[in-house]
K.L.:
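Please read through the structure below; I'll follow up with questions.
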There are 2 protein chains.
Amino acid sequence: MLQSRLLDAAIVHFGLYGFEGASTRAIAKASETAMSSITYHFGGKEGLYLAAAEHIARQVRERLEPLRQRIEESAATATHAEAVELLLAITDRQAEVLLSPETEAWSRFIVREQQQPTEAFERIFQGALEPMIELILLLIARSRPELDPAERRAMALLLFGQPLILRIGRATVCRVLGSDDLGARESAVLRSRLRKNVLCILSENGDG
Amino acid sequence: MLQSRLLDAAIVHFGLYGFEGASTRAIAKASETAMSSITYHFGGKEGLYLAAAEHIARQVRERLEPLRQRIEESAATATHAEAVELLLAITDRQAEVLLSPETEAWSRFIVREQQQPTEAFERIFQGALEPMIELILLLIARSRPELDPAERRAMALLLFGQPLILRIGRATVCRVLGSDDLGARESAVLRSRLRKNVLCILSENGDG
DNA sequence: GTCTATACTACGATAGAC
DNA sequence: GTCTATCGTAGTATAGAC
C-alpha cells in the first residue's frame with residue numbers, strides 16, 4: 001500500500017535527517033512513487049511528518065497492548081510480589097523492544113521529538129509513552145505505597161528511562177561491550193542485569 | 001573570539017537540525033560573520049562539524065576532571081563503602097550536568113551521533129564518554145568484585161545510562177512531573193531518587 | 001490517484017576585493 | 001582575516017496531463 005510505504009520511508013528519513021534535513025523527493029523515491037503523492041495523500045511535508053508520528057505511536061501501543069490488558073486486570077488486587085513481577089515484565093519487554101532492530105527508526109524519530117518537541121511529540125506521548133508510564137505508576141503505587149506521589153513519579157521515570165540506553169546510547173553500549181552489534185549473548189547479559197537492577201530498586205534494602 | 005562563537009553556534013545548529021539540515025549560512029549569521037569564514041577557519045562544513053565534536057568532548061572532560069582526579073587517587077585503595085560513595089558522586093554529578101540548561105545543545109549533538117555514529121562519535125567517545133565509563137568500571141570492580149567482567153560492564157552501562165533520561169527524555173520527564181521545566185524542586189526529587197536507586201543497585205539485597 | 005514539468009527558494013563552495 | 005558576488009545543485013510546492 002502506497003500510504004504505508006510512504007509512512008515507513010518517512011519515519012526512516014525523518015529519523016535520520018530530521019524534519020528539515022529529510023527530503024520529500026528521497027522519501028518518495030524510497031517508496032517508489034512521485035513526490036507529489038505526498039502532497040496528495042498527506043497535504044505536504046508537515047502532514048506526512050505528523051502522520052508518521054501517529055504511525056509510530058500506534059505500533060508502539062500495539063506492542064504494549066497484551067501486557068497492558070494483563071496489568072489492568074490484576075493491578076487493583078495485586079500483592080506486592082505480583083506488582084513487582086509485573087514491573088519486571090514491563091521493563092523487560094521494553095528492553096526487548098528497544099534491543100530489536102526494527103525499533104531503530106522509531107527511536108531516532110522519537111528522540112528527535114524529545115529534544116525539540118513539536119505537535120508530533122504530543123501524539124507520540126499521548127498515544128504511546130503516557131499509557132506505559134501510567135501502568136508503571138499504577139504498579140509502583142501498589143508495590144511501594146509508602147512513597148509520596150512525587151517520589152513515585154521520579155521512580156517511574158528512572159525505571160522507564162533505564163532501558164533507554166540500549167537504544168539511544170547504542171554506539172556507546174557496543175563500544176563498551178567490545179562488540180559490533182548487540183547479539184543474543186550481549187542482550188542476555190544486559191537484560192539479566194536490568195532485571196536485577198529493577199528488583200533491587202523495588203525492594204530497596206539500601207539505607208535509602 | 002570568532003572561532004569559538006562559530007563552534008558554539010555550530011553545536012546548537014547541528015544539534016537541532018543535524019549535519020545535513022543545518023545551514024552554514026545560518027551558523028555564520030548567528031556568529032555574526034560571513035559564511036566563508038567557516039571555509040577559512042575549518043575548511044568547510046565537515047571540518048566545522050568535527051571541530052564542534054571536539055569542542056564538546058573537551059568541555060565535558062573539563063567538567064569531569066576534578067572528580068576524575070579524586071577517584072584515580074583513591075580508587076586502588078578504596079574500601080567497599082568508599083567505592084560506593086564515589087560512584088554516587090559520579091552519577092550525581094552526571095545528573096547535575098544533565099539537568100543544567102547549558103548541556104542541552106551538547107546533548108542534542110551527542111544523541112545524533114549515538115544514533116548514527118560518524119567520525120565525530122569517535123572523538124566524543126574517546127574524549128569524554130570512555131574516560132567516565134572507565135572510572136565507573138574501576139569503582140564497580142572494587143565495590144562488586146564477585147561479578148564477572150561482562151556483568152560489570154552491563155552494570156556500568158546501566159548506571160551510566162540511568163541519568164540520561166533527565167536530558168534525553170526531557171519532554172517526557174516534564175510532562176510526567178506536570179511541570180514546564182525542571183526547577184530546583186523537581187531536580188531535587190529526581191536526584192534524590194537517583195541516588196537511592198544507585199545505592200540499591202550497588203548493595204544488591206534483591207534476590208539477584 | 002499518480003505522473004511530469006516548472007517556478008521559486010536556499011544550500012555549500014569558491015573566487016576575488018579589501 | 002573577513003567580506004561580497006556568483007555558480008551549480010537540490011529543496012518544496014504546484015499546475016496540469018493522463
Side-chain angles (χ1 to χ4, degrees), chain A residues 1-56 58 105 108-109 112-113 115-121 123, chain B residues 1-56 58 105 108-109 112-113 115-121 123:
Chain A
M1 189 185 170
L2 178 59
Q3 299 196 26
S4 137
R5 285 210 311 278
L6 277 169
L7 286 173
D8 287 338
I11 291 166
V12 170
H13 280 74
F14 284 131
L16 283 173
Y17 310 117
F19 181 77
E20 292 85 358
S23 123
T24 51
R25 276 189 160 85
I27 293 170
K29 190 170 185 181
S31 313
E32 294 176 314
T33 184
M35 195 208 61
S36 47
S37 301
I38 292 172
T39 312
Y40 180 77
H41 284 292
F42 302 99
K45 194 183 191 181
E46 198 168 327
L48 178 62
Y49 189 76
L50 289 176
E54 280 172 359
H55 195 57
I56 290 173
R58 191 166 43 245
R108 282 190 294 244
F109 191 107
R112 277 179 200 269
E113 278 296 322
Q115 307 272 314
Q116 205 191 11
T118 69
E119 166 64 22
F121 174 72
R123 313 207 181 182
Chain B
M1 190 184 168
L2 178 59
Q3 299 196 26
S4 137
R5 284 209 313 275
L6 278 169
L7 286 173
D8 288 338
I11 291 167
V12 170
H13 283 251
F14 285 131
L16 283 173
Y17 309 117
F19 180 76
E20 293 85 358
S23 121
T24 52
R25 278 189 159 86
I27 293 170
K29 190 170 185 181
S31 313
E32 295 178 311
T33 183
M35 196 205 59
S36 48
S37 300
I38 291 172
T39 313
Y40 180 78
H41 284 292
F42 302 99
K45 194 183 192 182
E46 199 169 326
L48 177 61
Y49 189 76
L50 290 175
E54 281 171 358
H55 195 58
I56 290 173
R58 190 166 44 244
R108 283 191 293 245
F109 191 106
R112 276 177 201 270
E113 278 296 322
Q115 306 272 314
Q116 206 191 12
T118 69
E119 165 65 18
F121 173 72
R123 311 206 182 183

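On a predicted model such as this, the values are computed, not experimentally measured, just so you know. Below, each value reflects all heavy atoms present in this structure, side chains not excepted, and no hydrogens, waters or symmetry copies. By convention in this document, chain letters (A, B, ...) are assigned in the order of the sequence lines, proteins followed by strands, and residues within each chain are numbered from 1.
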K.L.:
Between residues 20-36 of chain B and DNA chain C, which residues have a heavy-atom gap below 4.0 Å?
P.N.:
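Listed by number, they are B/A22, B/S23, B/T24, B/R25, B/M35, B/S36.
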K.L.:
Test: salt bridge (charged side-chain N to carboxylate O under 4.0 Å, His left out). Region: residues 35-56 of chain A. Which pairs qualify, not counting sequence neighbours?
P.N.:
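The answer is A/E54-A/R123.
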K.L.:
Kindly list each side-chain donor-acceptor pair under 3.5 angstrom involving residues 32-39 of chain A, sequence neighbours excluded, with atom names and distances?
P.N.:
from, atom 1, to, atom 2, distance (Å)
A/T33, OG1, A/S37, OG, 2.8
A/S37, OG, A/A34, O, 3.2

K.L.:
Is A/L2 touching bases, backbone alone, or none of the nucleic acid, heavy atoms closer than 4.0 Å?
P.N.:
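Contact class for A/L2: sugar-phosphate only.
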K.L.:
Could you pull out all residues at least two apart from B/R58 that satisfy side chain to side chain donor-acceptor pair (under 3.5 Å)?
P.N.:
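For B/R58 the side chain to side chain donor-acceptor pair (under 3.5 Å) partners, ignoring immediate neighbours, are B/H55.
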K.L.:
Among residues at least two apart in sequence or on other chains, which ones pass ring-ring contact (aromatic ring centres under 6.0 Å, His included) with A/F14?
P.N.:
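A/F14: ring-ring contact (aromatic ring centres under 6.0 Å, His included) contacts with A/F19, A/Y49.
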K.L.:
Could you list the residues that satisfy side chain to side chain donor-acceptor pair (under 3.5 Å) with A/Y17, not counting sequence neighbours?
P.N.:
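A/Y17 satisfies side chain to side chain donor-acceptor pair (under 3.5 Å) with no residue once adjacent residues are dropped.
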K.L.:
Check side chain to side chain donor-acceptor pair (under 3.5 Å) between A/Q3 and all other residues, then give those that pass, not counting sequence neighbours.
P.N.:
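Result, side chain to side chain donor-acceptor pair (under 3.5 Å) vs A/Q3: A/H41.
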K.L.:
Name the first nucleotide and the last nucleotide along DNA chain C (5' to 3') that come under 4.0 Å of a heavy atom in chain A.
P.N.:
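From 5' to 3', the first and last contacting nucleotides are C/dG1 to C/dT6.
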K.L.:
Is the shortest side-chain heavy-atom distance between B/R5 and B/L2 below 4.5 Å?
P.N.:
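Yes - at least one pair of side-chain heavy atoms lies under 4.5 Å apart.
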K.L.:
Closer than 3.5 angstrom, by distance alone: can the side chain of A/Q115 be matched with the main-chain N or O of B/L16 as a donor-acceptor pair?
P.N.:
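A pair under 3.5 Å: no.
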